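Because the structure is predicted, anything quoted here is derived from the model rather than measured.
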Amino acid sequence: MNRLMRRTLALATAAALLTAAAACSDDGQTPPAGAEVPGVTATEIVVGTHMPLTGPASAGYSEIAPASKAYFDYVNANGGVNGRKITYKVMDDGYNPANTQTVVRQLVLQDKVFAVLNGLGTPTHSGVLDFLKTNRVPDLFVASGSRNWNQPDKYPGTFGFNTDYTVEGKILATHVKTAFAGKKTCFFGQDDDFGRDSLVGVEAVLGAVAAKEKYVVTNQNVAPQLGALKAAGCEVVVLATVPGFTALSIGTAARIGFKPQWVVSNVGSDYQTLAKLLGDGKVLLEGAVGASNLPSPLDLDDPWTAMFKKIHDKYNGSAPFNGNTVYGMSVAYTFVQALQAVGKDLTREGLLAAVEKNGFTGPGYAPFRYSKTDHSGYAGYRLTKIEAATQLFFGPVYTTDDTPTTPVTEYPTPRPQPPAVTLS
Amino acid sequence: MTRLRALLGASTLLRHLVLTALAGFALYLLTLELDPFRNFQLATVAAYLCATAGLTVLTGLSGQLSLGHGALMAVGAYTVALCQNALAEHDVTGNGVLPLSLLAGVLVTMAAGAVIGLAAARLRGPYLAGVTLAVAVAVPAATVTFAELFNSEQGLGVYVEPPPPALGPYFPNERWQAWLALLGALLTMLLLANLTRGRFGRTLRAVRDDEVAARLSGIDVARAQVLAFVVSAAGAGLGGGLLAVLAQSVSPGAFSLTLSLFLLMAVVIGGLGSLAGAVWGALLLVALPDLAHELSSGLVASSPGAAQRLEGNLPLAVFGLTLIVVMIALPDGVQGLLRRLSGRARRRLPSR
């Protein structure tokens with residue numbers, strides 16, 4: 001024991017000396033080594049994202065990241081951006097905010113990504129805003145329309161992609177006001193910022209709705225809520241739901257003999273995703289109104305859809321070609337545009353400045369709102385309607401902002417033509 | 001020297017204090033060497049250790065099963081979140097505030113543990129499992145029911161002060177987090193080790209091995225069982241609170257039934273009999289999902305579709321498989337194996 005004590009003491013002394021040496025290096029006072037940009041080398045740009053590849057929200061959404069990746073594969077095959085190939089790291093968070101925390105830390109601290117691109121989900125992404133800010137990681141094109149992303153003072157590196165849910169609510173409600181005038185309108189939404197922001201927009205135009213209900217993604221039983229809406233005599237129901245819950249709501253409503261006019265938020269209104277989820281029940285979707293910025297995957301005459309389809313067939317062929325695919329490719333297209341705008345000398349500051357400068361064009365009907373003071377995504381939407389098993393656009397493109405009093409106006413500028421696609 | 005030796009031999013507290021100080025010192029050196037992500041993982045291990053150590057005392061020593069420890073962690077986490085945010089709202093900030101919030105988290109969780117413990121003292125085996133299972137389901141659901149306070153499934157952000165300015169402007173935040181969590185874990189281990197070595201530990205073991213015999217020797221069985229639950233809840237509360245601080249957010253998804261099951265599996269795999277087993281359990285809780293992710297990303301190259309289906313489900317499978325293998329090959333867990341190995345090595349060495 002005596003010998004053990006002496007050994008312990010010797011060990012402790014050695015350790016104390018070691019610490020003293022470590023303390024002298026004083027890494028708290030000097031900036032982390034190397035001025036090079038994380039995730040960027042002469043030949044590569046590493047970007048990461050978090051997506052629900054599994055879990056209650058994975059229906060449809062799990063197809064977005066592979067589509068973005070396919071577009072990057074196409075860009076890489078054509079030489080990349082300024083000689084750099086894009087590596088896209090996709091992490092599954094199962095739409096669980098706790099998992100998002102871990103996977104985003106892994107992306108930033110371990111994989112050292114240059115930027116986080118298109119992280120999906122309002123509840124999930126809200127939890128990592130502070131972490132990304134502290135580490136000065138550009139947080140581009142968040143896949144959600146929460147107004148949270150538009151806080152340039154608080155989160156200078158975060159930018160949204162979707163039209164924000166309040167703007168969307170206003171546009172959907174304006175359509176309800178004119179097309180279904182005098183009908184009893186109700187609201188069913190997700191119990192987080194998604195549902196709440198949407199309701200704010202709807203009520204800004206229509207005034208208080210006749211009835212409102214909410215759901216959480218971990219509870220698959222929505223019969224009580226839809227029963228309540230039926231009991232309230234709703235004739236029009238605005239849905240702020242993710243795809244799985246749009247299908248669930250429409251299916252459940254049909255089972256209890258409730259068939260209102262459905263008006264569905266963009267994130268949960270892709271026809272092919274819903275039809276796949278509903279199976280034989282897809283006839284229930286007929287007449288449903290939705291909103292979108294991006295060309296319909298069914299309309300191969302659209303030049304942008306045609307371009308994306310060509311790339312999809314070559315690089316993502318085993319996956320279905322639907323609204324999620326078009327969405328994922330549009331995100332990737334916009335990101336490549338931003339990278340090109342920065343130029344050869346790629347830095348995080350340069351990237352943020354390029355996005356704030358805006359000037360992006362692309363497949364979207366409405367323009368992006370990006371500026372120094374505005375970090376929200378698209379400024380508006382075009383409405384869609386499901387008829388004879390296909391989803392078609394109708395009417396003009398509408399834009400507006402979050403302020404309740406700002407009217408919804410038409411946006412006349414047409415989209416430009418896409419660049420020519422050369423597939424090797 | 002001999003006097004020191006006698007002192008260490010006689011005083012359990014002193015021996016544990018010396019051991020804790022040495023472990024703390026070694027871990028401090030470790031945090032200086034690790035990169036930020038590994039430090040974050042180390043901090044997560046430390047936070048889980050508070051909970052697994054508590055669960056080891058409950059299940060290993062007093063023989064009571066709990067499927068609700070994830071929910072108790074949620075109680076601690078939400079208490080810390082609400083305290084931190086309320087204090088920040090009233091401009092009470094600074095690094096001295098966090099220990100207060102953590103203490104509040106521990107106290108509230110102990111109260112919750114006492115309530116469950118009172119029920120548990122009257123229940124045995126599957127009935128006890130049922131009650132604690134109900135807790136594991138009910139607590140996350142409460143965040144949806146009282147959405148005004150807990151913000152439903154989106155959860156709450158947690159106000160956390162950055163590392164003290166004295167450490168320098170470029171001090172890695174993750175190292176600071178690791179220090180906080182390790183301090184909590186060392187304190188938990190010290191207190192629990194002391195408690196279980198003493199009279200309380202003997203009482204619990206007596207209750208576990210034979211309730212009737214314990215009662216005959218004058219032990220208040222129900223009291224001992226409730227106390228075990230309270231002590232164990234304190235560990236879970238601290239662990240949950242630390243997790244909230246590490247993630248700077250709390251949400252019910254972080255404390256689902258799966259977590260409760262994982263915690264139990266972790267302590268069983270680690271080795272139920274001893275607190276050292278809890279360390280292995282906590283390590284596994286962080287390492288196994290990581291390993292599963294590596295596995296599934298290895299699959300991406302060969303078959304993207306299968307990888308996508310496996311991602312997220314794989315950790316559960318890996319955990320289950322590990323549990324089965326450990327149960328068959330090492331009935332007393334990783335720590336049991338180590339004990340047997342070291343015992344064998346000692347026997348082989350020539351006696352001095």
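Side-chain contact check for Tyr215(A) and Gln225(A): no donor-acceptor pair (N or O, by modelled atom type) lies under 3.5 Å. Under the 3.5 Å distance criterion, with hydrogens and angles disregarded, a donor-acceptor pair is assigned to the side chains of Asp130(A) and Tyr155(A). Of the N and O atoms on the side chains of Thr325(A) and Glu63(A), not one donor lies less than 3.5 Å from an acceptor on the other residue. Side chains of Asp139(A) and His125(A): a donor on one and an acceptor on the other come within 3.5 Å. The closest side-chain donor-acceptor pair between Asn173(B) and Thr134(A), if any, does not fall under 3.5 angstrom.
Using a 4.5 Å cut-off between heavy atoms, Val217(A) contacts chain B through both its backbone and its side chain. Asp191(A) touches chain B through backbone and side chain together, each having a heavy atom under 4.5 Å away. Residue Ser126(A) touches chain B through its side chain alone, counting heavy-atom pairs closer than 4.5 Å. Only the backbone of Leu246(B) has a heavy atom closer than 4.5 Å to any heavy atom of chain A. With a 4.5 Å cut-off on non-hydrogen atoms, Gln41(B) does not touch chain A at all. Only the side chain of Phe131(A) comes within less than 4.5 Å of a heavy atom in chain B; its backbone stays farther off.
Below 4.5 Å, heavy atoms of chain A meet heavy atoms from Ala247(B), Gln248(B), Ser249(B), Ser251(B), Gly253(B), Ala254(B), all part of residues 247-260 of chain B.
Atoms CD and OH, from Gln84(B) and Tyr159(B) in turn, are 8.5 Å apart once rounded to the nearest 0.5 Å.
Most heavy-atom pairs under 4.5 Å with chain B, from the set Gln106(A), Lys89(A), Lys214(A): that is Gln106(A). Heavy-atom pairs under 4.5 Å with chain B peak, among Thr122(A), Asp193(A), Asp192(A), at Asp193(A).
The ring-ring contact (aromatic ring centres under 6.0 Å, His included) test applied to Tyr95(A) returns no partner, not counting sequence neighbours. With sequence neighbours left out, the side-chain contact (heavy atoms from CB on, under 4.5 Å) criterion links Leu284(B) to Ile269(B), Leu288(B). Contacts of His69(B) classified as ring-ring contact (aromatic ring centres under 6.0 Å, His included), with partners at least two apart in sequence or in another chain: none.
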Practice task
Apply ring-ring contact (aromatic ring centres under 6.0 Å, His included) to Phe171(B) and Trp179(B), showing your working.
Solution key: CA-CA 12 Å; Phe171(B) 191 81; Trp179(B) 287 0; 5.4 Å; yes
